[in-house]
Amino acid sequence: MKIATFNINGVKARIQALTDWLAAAGADVVVLQEIKSVDEGFPREHFEDLGWTVETHGQKGFNGVAILSRLPLEDVARGLPGDEADEQARYIEATVIDSIPVRIAGLYLPNGNPAPGPKYDYKLAWMERLRLRGAELLASEMPVVMLGDFNIIPEPRDAARPQAWVDDALFLPESRAAFRRILHQGWTDAVRIRDPWATRGPFTFWDYQAGAWSRDDGIRIDHLLLSPQAADLLIETGIDKEARAGEKPSDHVPVWVRLAA
DNA sequence: ATGGTAGGTTACCTA
């Protein structure tokens, strides 16, 4: 089972780029972030006609997440538990039915800038809710993949120019500590273990501004965290970097794992 | 130190 995450930065603006990548990538399950669409506005039929099951959790203008799957989905849940007043659409879960069922948690973690401030407080509170949900998912002892745009640069080597991020909510010590608190529950950072001694990169995001792509001024903020039962099934990990060089690209590229499930 | 780009929305906001 090949499982991918892709922050597409607007599903309607990216419909061709996304369709082309889906045809080439051979993924079974794709979680999307920043669909920037309400559920009724998502081009559901376009993807259903191509053979995908579509589950969305959208909102007007910003944010919004979705799951596209070639395999059956069960027990779809929308929204991160822990705050009934939170109206931002950033989280969706489903169980993918294959030889071994896999629980998928797709997320778009708050950016948090500017920090300090209310947006940063929201980011940290959201991460604490994610930690609590993460503990429940691990307790299920299912294979679980928690994946998406975490808006976290875990370490200096995850940025081409770490010094440019020292005051940014993606890289502040408190943000990175909150990420480690989740990771150290027992998750495996699938991309990092592929090349544990790398001193620079790999990256998953290059800003549109200031020629970041042409200068390879990237950061790694899109992550796939595997529960122990999922890590035991891990075959392969990849970053589809060439997507950043295509027509009308997202500023993020797809990141994926292949599991023996 | 600044400004650079992109998408969605409705005159700015988010990233």
Side-chain angles (χ1 to χ4, degrees), chain A residues 5-21 30-44 46-47 56-66 80 86-91 106-127 130 147-154 158-172 174-176 178-179 203-223 240-255:
Chain A
T5 176
F6 193 0
N7 180 323
I8 48 161
N9 189 17
V11 69
K12 290 166 210 140
R14 221 64 70 199
I15 191 159
Q16 192 57 53
L18 178 58
T19 301
D20 294 346
W21 174 77
V30 181
V31 300
L32 302 173
Q33 303 90 37
E34 287 204 86
I35 63 174
K36 296 188 176 181
S37 168
V38 295
D39 294 331
E40 307 76 56
F42 192 93
R44 158 184 295 275
H46 170 81
F47 294 106
T56 62
H57 183 217
Q59 72 177 85
K60 189 176 177 182
F62 311 106
N63 305 326
V65 291
L80 181 64
D86 184 0
E87 300 194 335
Q88 298 195 30
R90 297 179 172 276
Y91 189 83
L107 63 95
Y108 177 47
L109 206 146
N111 177 294
N113 282 304
K119 290 186 175 177
Y120 193 57
D121 295 341
Y122 174 68
K123 176 176 193 149
L124 294 178
W126 203 95
M127 293 184 79
L130 183 63
L147 73 168
D149 178 357
F150 281 71
N151 269 315
I152 293 285
I153 302 166
D158 294 308
R161 294 185 306 127
Q163 72 282 0
W165 298 91
V166 290
D167 294 322
D168 195 285
L170 278 60
F171 192 57
L172 282 173
E174 203 171 353
S175 306
R176 295 161 54 199
F179 180 73
F203 307 130
T204 67
F205 168 94
W206 295 261
D207 201 289
Y208 290 119
Q209 303 181 67
W213 168 246
S214 60
R215 298 187 290 117
D216 195 27
D217 181 9
I219 53 178
R220 187 172 75 98
I221 56 175
D222 301 274
H223 306 300
D240 291 346
K241 188 175 175 180
E242 66 282 359
R244 187 63 180 79
E247 283 287 306
K248 263 178 74 92
S250 171
D251 41 6
H252 297 250
V253 296
V255 189

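Note on naming: letters A, B, ... go to the chains in the order of the sequence lines (proteins, then strands), and numbering restarts at 1 for each one.
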Taking [M] as the reference, what is the distance to [N] when you measure between their [atom1] atoms (whole Å, please)?
N      : M      : atom1 : value
B/dG7  : B/dA11 : C1'   : 15 Å
B/dT14 : B/dT10 : C1'   : 15 Å
B/dT9  : B/dA15 : C1'   : 15 Å

Donor on one side chain, acceptor on other, A/Asn111 and A/Lys123, under 3.5 Å: no
Rounded to the nearest Å, what distance is computed from the [atom1] atom of residue [X] to the [atom2] atom of nucleotide [N]?
X        : N      : atom1 : atom2 : value
A/Phe62  : B/dG8  : CZ    : C1'   : 7 Å
A/Asn7   : B/dA6  : CG    : P     : 16 Å
A/Asn63  : B/dG8  : CG    : P     : 13 Å
A/Gln59  : B/dT9  : CD    : P     : 11 Å
A/Asn151 : B/dT14 : CG    : P     : 14 Å
A/Gln33  : B/dT14 : CD    : P     : 19 Å
A/Ile35  : B/dA15 : CD1   : P     : 15 Å
A/Phe205 : B/dG7  : CZ    : P     : 13 Å

Exceeds 12 heavy-atom contacts within 6.0 angstrom, atom NZ of A/Lys12: yes
Residue A/Glu87 excluded, over 12 heavy atoms near CD under 6.0 Å: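 Count not over threshold, so no.
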Taking only the side-chain heavy atoms of [X] (C-beta and beyond), determine which of [options] contains the nearest atom.
X        : options               : value
A/Ala13  : B/dT10, B/dG7, B/dA15 : B/dG7
A/Lys12  : B/dG8, B/dG7, B/dA15  : B/dG8
A/Gln209 : B/dG8, B/dA6, B/dA15  : B/dA15

Touch class at under 4.0 angstrom, heavy-atom based, for A/Tyr108 against every strand present: sugar-phosphate
Touch class at under 4.0 angstrom, heavy-atom based, for A/Arg90 against every strand present: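 Sugar-phosphate only.
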Residue-phosphate contact under 4.0 Å: A/Lys36 side-chain N/O, B/dT14 OP1/OP2: no
Parallel, tilted or perpendicular, as decided by the 30° and 60° cut-offs, for the rings of A/His223 and A/Phe179: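 Ring orientation of A/Phe179 relative to A/His223: tilted.
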Geometric class of the A/Phe47/A/Phe42 ring pair [parallel <30°, tilted 30-60°, perpendicular >60°]: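 A/Phe42 vs A/Phe47 ring planes: tilted.
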Whichever of A/Lys60 and A/Lys119 has its nearest DNA chain B nucleotide further upstream toward 5': A/Lys60
Most 5' of A/Asn113 and A/Ser37 on DNA chain B, judged by nearest nucleotide: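 On the 5' side of the pair lies A/Ser37.
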A/Ala169 backbone acceptor or donor facing A/Ser175 side chain under 3.5 Å: yes
Base-pairing mate for B/dT10 - Watson-Crick or G-U, with both contacts under 3.5 Å: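 With both distances under 3.5 Å required, B/dT10 matches none.
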Identified pairing partner of B/dG4, criterion: Watson-Crick or G-U wobble below 3.5 Å: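 By the stated definition (distances under 3.5 Å), nothing pairs with B/dG4.
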